[in-house]
2 protein chains.
Amino acid sequence: MRRASGNARAVGLRQVATPAPLALELRALYPSLTDLPLESTALEVLDVSAGTRLFDAGAPCAGFPLVLEGEIQVSRAASDGRQLELYRVGPGEICIVSAAGLMSNRPLNAQGTAAARTRLAMMPPNLFARWNDHKPFRQFVFGVFADRLGDLMTLVDAVAFHRLDERLAGFLLERGRVIHTTHQALADELGTVREIITRLLNRFESAGAVKLGRERIEIVNATALQSLSGSALKSP
Amino acid sequence: MRRASGNARAVGLRQVATPAPLALELRALYPSLTDLPLESTALEVLDVSAGTRLFDAGAPCAGFPLVLEGEIQVSRAASDGRQLELYRVGPGEICIVSAAGLMSNRPLNAQGTAAARTRLAMMPPNLFARWNDHKPFRQFVFGVFADRLGDLMTLVDAVAFHRLDERLAGFLLERGRVIHTTHQALADELGTVREIITRLLNRFESAGAVKLGRERIEIVNATALQSLSGSALKSP
DNA sequence: ATCTGTCAGTGACGTAAGTTACTTAGCCCA
DNA sequence: TGGGCTAAGTAACTTACGTCACTGACAGAT
């Protein structure tokens with residue numbers, strides 16, 4: 001964590017804190033920033049390793065994250081240690097919990113963790129407010145906001161109306177043929193505990209849908225898995 | 001359902017479709033509309049009875065509802081007939097599912113039903129887009145948007161991590177001392193079935209927390225109910 | 001080669017919640 | 001005052017999930 005220093009205002013110039021390569025990178029990932037004065041703005045850049053907690057539920061939002069590389073996992077934690085993933089934020093995407101925290105000036109209602117080594121630029125709260133007056137940026141933010149809201153409703157639906165085996169099967173299908181992860185991580189994404197994941201995965205293996213290994217799940221029969229999922233992923 | 005008619009443009013004037021009293025009423029409930037040209041705009045006004053379906057999941061959003069009187073219940077339905085209330089929209093409030101539908105141009109991801117006799121003005125999609133350029137309106141919409149998002153997270157949390165008795169107890173406490181509703185309606189709000197509500201309410205009655213009657217629940221010991229709820233309503 | 005920590009497997013058990021299939025109660029209106 | 005409707009009670013049963021308390025398996029460090 002590094003803060004831009006120096007005092008350019010002393011010589012009557014605006015502070016130039018965002019190096020040109022970073023501005024370029026940002027504009028490539030977030031085209032809606034194109035016409036904004038990135039170069040004359042202090043954006044803090046963080047480079048964190050997998051597992052780093054980036055923000056906590058209950059805390060005020062410290063800034064709006066622009067992900068350059070990696071992925072942030074946003075989830076909700078229960079008092080008994082279980083947790084449930086709400087969504088992930090990758091490069092070029094935005095975090096609606098942060099946006100909501102900034103727009104309503106309320107504490108964040110979820111926690112964010114780096115799911116991998118992650119590099120991100122932090123847009124300070126006042127800057128976020130100011131740049132929302134810029135129509136392209138605003139439209140981008142609120143477009144994604146709206147999309148994520150839909151995802152969240154689908155999640156509510158899944159949690160309220162679907163069995164865990166369906167949800168797990170659907171989840172695996174979204175992750176490609178070979179998945180490298182632990183049972184605990186899967187449990188944390190689905191809001192359950194490790195043992196249940198183990199049990200369900202073993203069932204899937206007995207059914208011939210997957211092959212299991214240490215931190216490894218290979219889908220050997222996607223069709224079977226699909227039918228196990230009951231196609232639980234339909235949005236509306 | 002009544003559509004404003006006439007063709008004022010034929011005589012070179014903008015269409016004047018919103019009568020002054022309605023404009024007044026709207027501005028009283030939605031102050032962020034103050035500086036917008038309500039009078040020169042065609043706003044359809046609907047007056048519907050309790051139970052009327054106002055929009056369906058999967059359909060495109062027909063307009064942005066401004067509630068004048070009554071209440072809209074927004075919920076998500078499962079294929080087995082169960083349904084789960086996401087939130088309600090009263091006078092002066094806004095519906096984020098509609099807003100999201102308009103901003104992302106995607107089908108709505110929940111259904112809306114009048115929870116009582118409801119009167120509302122419908123802002124057409126293109127008007128909503130246009131008026132979002134007006135800062136006070138925009139800030140109002142997105143402020144509420146952000147707030148509701150928080151509610152939604154709390155809902156996810158409740159559904160994923162809390163028992164139904166806790167949720168029911170909490171729900172009752174929010175509804176005042178005497179509640180007039182059916183067990184089925186409660187089930188539809190919490191995402192379960194009627195029998196379970198009956199069972200739980202009877203337990204609450206045995207515990208001396210409530211007194212039951214036909215379409216009537218009276219809370220006789222709020223403290224007891226509170227402890228049954230496990231204070232399951234904490235947000236973050 | 002052994003140690004140590006993480007990851008995975010397992011079985012017994014408890015219980016919240018949904019399902020089925022009724023019966024009973026209360027209310028409206030003819 | 002007796003149908004006919006909807007709301008509510010109920011009991012027996014099933015099942016998905018979670019909890020507990022382990023044991024075993026593997027990988028990198030020493």
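Remember, it's a predicted structure, so these values are computed and weren't measured experimentally. Sequence lines set the chain letters: A, B, ... in the order given, protein chains first and strands last, and positions in each chain run from 1.
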Over how many whole Å does the gap from A:Gln184 atom CD to D:dG18 atom P extend? 12 Å
Choose from D:dA21, D:dC17, D:dG9 the nucleotide whose nearest atom is closest to any side-chain atom of A:Arg163. D:dC17
Does the side chain of A:Leu43 reach to within under 4.5 Å of the side chain of A:Pro124, using non-hydrogen atoms? yes
Report the residue (A:Glu195 or A:Asp165) whose heavy-atom-nearest nucleotide on DNA chain D is the more 5′ of the two. A:Asp165
Answer yes or no: is there a donor N or O on one side and an acceptor on the other, between the side chain of A:Thr223 and the main chain of A:Asn221, under 3.5 Å? no
Nearest heavy atom decides the nucleotide; on that basis, is A:Ala160 or A:Thr198 closer to the 5' end of DNA chain C? A:Thr198
Are A:Thr192 and A:Leu168 packed together at the side-chain level, in the sense that at least one heavy-atom pair is separated by less than 4.5 angstrom? no
Rounded to whole Å, CZ of A:Arg216 lies from P of D:dC26 at a distance of 14 Å
Atom CG of B:Leu200 to atom P of D:dA8: distance rounded to whole Å? 14 Å
Are side-chain heavy atoms of B:Asp47 and B:Arg117 found at a separation under 4.5 Å? yes
Outermost DNA chain C nucleotides near chain A [under 4.0 Å, heavy atoms]: C:dT6 to C:dA12
Sugar-phosphate, base or nothing in reach of B:Leu201, heavy atoms under 4.0 Å: nothing
Among B:Leu152, B:Asn109, B:Asp151, side-chain contact (heavy atoms from CB on, under 4.5 Å) partner for B:Leu86: B:Leu152
Side chain of A:Arg194, base of D:dG18: donor and acceptor closer than 3.5 Å? no
Using a 4.0 Å heavy-atom cut-off across all strands, classify B:Leu164 as base, sugar-phosphate, or nothing. sugar-phosphate
Hey, does the side chain of A:Thr113 reach the backbone of A:Gly51 with a donor-acceptor pair shorter than 3.5 angstrom? no
Any side-chain heavy-atom pair of A:Ile179 and A:Val210 under 4.5 Å: no
For a quick test of reading the model, state the closest non-hydrogen atom pair linking A:Arg82 to B:Ala160 and the distance between them. NH1-O, 4.0 Å
So, is B:His183 near the phosphate of D:dG9, with a side-chain N or O under 4.0 Å from OP1 or OP2? yes
Check: residues 94-102 of chain A side-chain donor-acceptor pairs under 3.5 Å, at least two apart:
none

Can you tell me how far P of D:dT15 sits from CZ of A:Arg199, to the nearest Å? 14 Å
Please list residues of residues 203-215 of chain A whose heavy atoms come under 4.0 Å from any atom in DNA chain C, ordered by number; otherwise none. A:Arg214, A:Glu215
So B:Arg82, base contact, sugar-phosphate only, or nothing? Heavy-atom distance under 4.0 Å. sugar-phosphate
To the nearest Å, give me how far apart CG (A:Asn202) and C1' (D:dC17) are. 16 Å
